[in-house]
Amino acid sequence: NAGVTQTPKFRILKIGQSMTLQCAQDMNHNYMYWYRQDPGMGLKLIYYSVGAGITDKGEVPNGYNVSRSTTEDFPLRLELAAPSQTSVYFCASSYGGSKNTGELFFGEGSRLTVL
Amino acid sequence: RKEVEQDPGPFNVPEGATVAFNCTYSNSASQSFFWYRQDCRKEPKLLMSVYSSGNEDGRFTAQLNRASQYISLLIRDSKLSDSATYLCVVNIRSGTYKYIFGTGTRLKVLA
């Protein structure tokens, strides 16, 4: 049982480049989330999904896109990287609805630097 | 005003001390409350949920005051291993996606 797996762990991008952060969970959770955490700040929700085929914007979605073709996977795409997207990105999952206990299961994070 | 506010600290305390953190939230419709722990450069992990009647887990005690809209975390007999950032988290509607994270309070337990 791997939990939530994120790749890559580290990446340096040049301004204007694109990339995809991968996230997979094996706990059969229907809810998945992408957060970013800037130094000394709390986590900000970028996008979330309540199930395969369903995604929606969080607090800070600009510059990102997501898809959820399966229950397990929730990739985050950066189309035109900007220095403001330098951050640590966390993917998380949880049960939704009546099974939700409030516990979010996080991946280990992906540290992205845009130069 | 931030939706969830915490004193960033750091709180530097000696081993064995008792330390308390507070967190205030602005949305009176908030339904579920949690404390998460985040070690340096690691992912957050659930420390404990916070129930209306207050709850205890070993050396940790959490309290909720809905009237004043604040949550507290008390750590007794601090250990070096308690050094971390403690994140206050509020769920606006239980069972939904909307978790609001505070910026965290840093704790350093000194030998």
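Chain naming here is simple, since letters A, B, ... match the order of the sequence lines and numbering starts at 1 in each.
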request  = Report whether A:Y31 and A:Y47 are members of the same hydrophobic cluster (ILVMFWY, side-chain heavy atoms less than 4.5 Å apart, transitive linking).
outcome  = no
Euclidean distance, A:M41 CE relative to B:T103 OG1, rounded to 0.5 Å = 7.0 Å
request  = Check whether B:P8 gets within reach of chain A through its side chain, its backbone, both or neither, counting any heavy atom under 4.5 Å.
outcome  = neither
ask   = Within residues 104-115 of chain A, which positions have a heavy-atom distance to chain B below 4.5 Å?
value = A:L104, A:F106, A:G107, A:E108, A:R111
ask   = Between OG of A:S94 and CG of B:L46, what distance do you get to the nearest 0.5 Å?
value = 11.5 Å
task = Count the heavy atoms of every other residue, nucleotide or ligand shown that sit under 6.0 Å from CZ of B:F60, and state whether that count exceeds 12.
result = yes
request  = Calculate, to the nearest 0.5 Å, the distance between atoms CD and CD belonging to A:E59 and B:E3 respectively.
outcome  = 7.0 Å
query = So do A:Y48 and B:Y99 actually touch side chain to side chain, heavy atoms under 4.5 Å?
reply = no
ask   = When only heavy atoms count and the cut-off is under 4.5 Å, which of residues 14-23 of chain A reach chain B?
value = none
request  = Kindly check if the number of other-residue, nucleotide or ligand heavy atoms within 6.0 Å of CG (B:L110) is above 12?
outcome  = yes
note = To the nearest 0.5 Å, atom NZ of A:K44 lies from atom CZ of B:F101 at 11.0 Å
key: Hydrophobic cluster membership, A:V60 vs A:L76, 4.5 Å side-chain cutoff   = yes
ask   = Would you say B:I100 and A:M32 are hydrophobically clustered, going by side-chain heavy atoms of ILVMFWY under 4.5 Å?
value = no
message = Do A:I46 and B:V4 land in one hydrophobic cluster if side-chain heavy atoms of ILVMFWY residues count as linked below 4.5 Å?
response = no
message = For B:F33, which atoms come within 4.5 Å of any heavy atom of chain A: side chain, backbone, both, or neither?
response = neither
Close side-chain approach of A:L43 to B:L87, heavy-atom, < 4.5 Å = yes
inquiry  = For the interface with chain A, which of B:K42, B:Q38, B:R106 has the highest count of heavy-atom pairs at distances below 4.5 Å?
reply    = B:Q38
message = In this structure, would A:Y64 and A:Y33 fall into the same cluster of hydrophobic residues linked by side-chain contacts under 4.5 Å?
response = no
query = Does any heavy atom of chain A fall under 4.5 Å from the side chain of B:Q6, the backbone, both, or neither of them?
reply = neither
